[in-house]
Q: 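I have a structure I would like to understand better, so I am pasting it below and will then ask my questions one at a time.
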Protein chains: 2
Amino acid sequence: MEKDIFDILDDRSRRVLNAVVCCYIDKPDPVGSRFVTRKYSFGFSPATIRNIMSDLEEMGFLRQPHTSAGRVPTDKGYRFYVDSLSGAGEAGRAPEVTPEFVERFSRRLDAFRNDVSAMYSEVTTTLSTLSNCVSIVLPPKAGNTTFNRIDLIKYRGDQIVALLITDEGIIRNKVLQSDPMITQDDLNRLAGFLNAEFSGHTLDEISQQLLSRLKREKYQWDKLVSRAVSIYEQAMSASQEDIFVAGLYDVMSMPDFSDLSRIKELSKAIKEKHEIIKLLAELSKVDGVQVVIGNENPIEGLKGLSVVTSVYKEGERPMGIIALIGPTRMDYSKTIIMVDTIAKCVSRTFDD
Amino acid sequence: MEKDIFDILDDRSRRVLNAVVCCYIDKPDPVGSRFVTRKYSFGFSPATIRNIMSDLEEMGFLRQPHTSAGRVPTDKGYRFYVDSLSGAGEAGRAPEVTPEFVERFSRRLDAFRNDVSAMYSEVTTTLSTLSNCVSIVLPPKAGNTTFNRIDLIKYRGDQIVALLITDEGIIRNKVLQSDPMITQDDLNRLAGFLNAEFSGHTLDEISQQLLSRLKREKYQWDKLVSRAVSIYEQAMSASQEDIFVAGLYDVMSMPDFSDLSRIKELSKAIKEKHEIIKLLAELSKVDGVQVVIGNENPIEGLKGLSVVTSVYKEGERPMGIIALIGPTRMDYSKTIIMVDTIAKCVSRTFDD
DNA sequence: ATTAGCACTCTCTATCAGTGAGTGCTAATA
DNA sequence: TATTAGCACTCACTGATAGAGAGTGCTAAT
């Protein structure tokens with residue numbers, strides 16, 4: 001499929017197409033043939049460029065907002081541009097991402113090593129400030145994290161506090177209702193039991209296999225086991241996935257969002273975040289940087305926008321995904337490098 | 001001061017002023033004399049109303065966007081309207097806030113009794129959906145909450161998890177670096193010591209008095225004490241106040257925000273939340289509903305907007321504050337009732 | 001195959017007149 | 001004296017019109 005596109009277009013057309021996309025990304029006015037010849041010295045006259053652009057339009061890479069206006073890239077045009085970007089060395093662009101910046105940012109992240117939430121907030125605000133896009137971090141799926149230990153603490157009256165710690169450092173605490181007669185000693189016994197049974201397993205394994213096995217097996221009627229299981233299930237209930245979002249303010253300074261309705265759509269999509277979560281979860285199955293352009297996007301309110309993502313990992317294991325959402329006209333070469341770099345920084349932070 | 005205003009205006013002027021404010025809140029078009037006479041049967045001709053409106057303008061309650069347009073309330077006009085609102089019984093307005101709604105909402109909050117954060121999120125989303133304003137909850141100042149107990153759990157290597165529980169149910173956990181040789185037994189001793197010393201005191205008392213006394217007094221050189229103090233201080237460090245915000249999307253549907261620049265200003269103020277936090281902290285010193293109108297507002301980006309707040313309490317003790325931020329043209333009678341009602345619901349939830 | 005030339009198209013801006021809602025003022029009225 | 005009817009006036013808004021400017025497609029020449 002991608003090969004096809006490269007075959008269809010000869011070298012000259014490709015260069016013109018990329019030039020048009022670059023110009024348009026640079027300034028959101030339709031790009032005319034004259035302008036292209038002046039900015040890039042192709043050695044052709046505007047008329048020739050016009051013919052090429054006309055062909056590109058027929059093939060669906062460009063379109064005219066109206067007769068007698070310059071051309072604007074279509075989603076397909078952007079797609080071609082992005083694909084040819086990853087081929088060529090796109091270094092030189094994205095001057096914000098200097099080695100010094102990476103160094104400084106990595107050190108800043110280190111400070112958050114004991115507080116992942118704060119780290120994700122830091123990542124989103126930094127990314128959105130630099131890119132003028134909305135940035136999102138999808139934290140690791142809780143189910144994929146590894147049970148380290150649970151502690152149960154008697155609080156007041158019939159309440160107990162459950163503290164769940166995973167190997168990834170993700171910590172979850174919750175107040176539970178329980179039998180008022182239960183003592184701290186009882187709780188210690190229950191926690192001890194759970195720790196012995198579950199330690200080293202992922203939360204998904206626990207909820208899908210271990211729990212049901214425990215319920216099934218011989219000590220089904222054992223009071224301790226049934227109590228422990230019930231408490232664990234309470235502690236894990238209602239764990240909705242959440243995302244970290246920032247940059248709605250920053251994205252408003254992009255000229256593409258000069259009308260309120262687009263901002264409104266985007267805000268709505270963010271507010272009803274489940275669709276975005278679903279999309280990002282899907283994207284996080286693939287390694288490396290991914291770009292979803294305009295209508296390739298399955299979410300209604302996000303059509304007309306593009307998403308650039310990169311997975312961050314602990315060692316080899318993918319943990320979550322970092323995303324930038326912005327206009328299809330975004331500076332892909334810049335955002336791609338940014339998301340990629342930042343994701344690597346995050347991965348590195350998890351690694352030491 | 002307030003008395004003055006009521007003295008300056010005779011009954012007729014007051015009624016006209018309130019009519020103009022009501023009309024304008026209803027529909028954001030300048031209100032003409034004719035329109036007022038038709039909508040309200042004052043028994044006067046438009047000419048008379050014109051004279052009255054002219055006086056009101058001279059006194060600064062109304063202004064004209066341009067000659068030959070109707071009148072629009074000034075901040076002072078809104079102020080008068082709001083003040084006279086709290087006098088009269090404003091029942092009948094705010095049809096959203098039925099007893100059934102309150103009942104249903106209270107029950108919903110009950111479900112969140114063990115998870116305050118989730119409750120605050122629920123409050124903000126509900127409020128902003130109903131009011132089309134941005135809604136904010138300022139949680140209780142950590143310093144005012146009462147130490148219940150701390151638990152220290154050995155995690156991996158040199159890390160320990162500190163779990164701090166307060167009487168209000170606010171729970172704080174943090175991963176700390178510590179001496180790798182320390183054992184769980186040591187940690188239990190340290191926690192036991194802290195619990196014995198601090199239980200029942202507010203976090204402010206602890207940090208302002210108890211800690212320094214501990215450091216000063218005879219067992220200054222005791223290893224256990226110094227270790228315990230150091231761990232407590234680590235656990236409490238960097239506790240920045242945070243707020244719960246929702247409704248940026250909802251507020252965009254108000255016609256007052258049809259231009260992007262105002263939304264941008266508001267987003268910016270929210271993004272740089274410290275000023276808002278400062279304002280709300282100030283407002284939360286006063287009991288009951290408060291209304292800050294337009295330029296009365298000290299925050300630059302919030303001038304031109306109004307803030308309606310109400311404190312929520314546990315028993316008699318004020319905990320935090322609930323706020324709505326919207327255009328000065330907001331429906332005050334509605335938002336006031338809403339904020340007031342919701343704050344009472346929250347207080348009630350804390351009480352049982 | 002490329003290019004110069006030219007007529008054409010379409011947006012954008014400015015200008016202008018007409019409309020309508022609303023005002024302020026004045027003189028008449030209760 | 002307070003109220004009102006009448007009237008001239010103001011100003012935003014709308015729609016039509018014209019001119020400028022940028023860009024195109026097509027054709028004929030190179």
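Remember, it's a predicted structure, so these values are computed and weren't measured experimentally. Chain letters run A, B, ... following the sequence lines, proteins first, then strands; residues in each count from 1.
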Q: Is there a residue in residues 63-73 of chain B whose heavy atoms reach under 4.0 Å of DNA chain C, and which residues are they?
A: B/Gln64, B/Ser68, B/Ala69, B/Gly70, B/Arg71
Q: Scan the side chains in residues 62-72 of chain B for donor-acceptor partners under 3.5 Å anywhere in the protein, sequence neighbours excluded, and list what turns up.
A:
from: B/Gln64; atom 1: NE2; to: B/Ala69; atom 2: O; distance (Å): 3.1
from: B/Arg71; atom 1: NE; to: B/Glu57; atom 2: OE1; distance (Å): 3.0
from: B/Arg71; atom 1: NH2; to: B/Glu57; atom 2: OE1; distance (Å): 2.8

Q: Just name whichever nucleotide pairs with D/dA28, Watson-Crick or G-U, keeping both distances under 3.5 Å, else none.
A: C/dT3
Q: Quick check for you: among C/dG24, C/dA4, D/dT4, whose closest atom lies nearest to any side-chain atom of B/Ala47?
A: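 When the side chain of B/Ala47 is considered, D/dT4 is the closest of C/dG24, C/dA4, D/dT4.
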Q: Reckon A/Phe35 touches a base, only the sugar-phosphate, or nothing at all at heavy-atom distances under 4.0 Å?
A: nothing
Q: Do the rings of B/Phe80 and B/Phe61 sit parallel, tilted or perpendicular, given the 30° and 60° boundaries?
A: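 Rings of B/Phe80 and B/Phe61: perpendicular, over 60°.
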Q: Among the nucleotides C/dT23, D/dT24, D/dT3, which one has an atom lying closest to any side-chain atom of A/Arg50?
A: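 Side chain of A/Arg50 sits closest to D/dT24.
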Q: What's the shortest heavy-atom distance between B/Thr309 and B/Val339, and which atoms?
A: C-CG1, 3.7 Å
Q: Counting side-chain heavy atoms from CB outward, which of D/dT3, C/dT2, C/dG24 is closest to B/Ser54?
A: C/dG24
Q: Which sits closer to the 5' end of DNA chain D, A/Ser33 or B/Pro46, going by the nucleotide each is nearest to?
A: B/Pro46
Q: So, for A/Asp256 and A/Arg262, which heavy atoms are closest and what is the spacing to 0.1 Å?
A: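 The pair with the smallest heavy-atom distance is O-NH1, 3.4 Å.
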Q: Side chain of B/Arg34 only, heavy atoms from C-beta on: which candidate in C/dG22, C/dG24, D/dT3 is closest?
A: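 Of the options given, the side chain of B/Arg34 lies nearest C/dG22.
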Q: Please step through side chain to side chain contact (heavy atoms under 4.5 Å, CB included) for the pair B/Glu300 and B/Glu265, ending with a clear verdict.
A: CA-CA 9 Å; B/Glu300 199 49 49; B/Glu265 261 193 352; over 6 Å; no
Q: Given 3.5 Å as the limit, does a donor-acceptor pair link the side chain of A/Ser45 with the main chain of A/Ala47, or not?
A: yes
Q: Hey, is the side chain of A/Thr48 poking within less than 4.0 Å of OP1 or OP2 on C/dT3, counting only N and O atoms?
A: yes
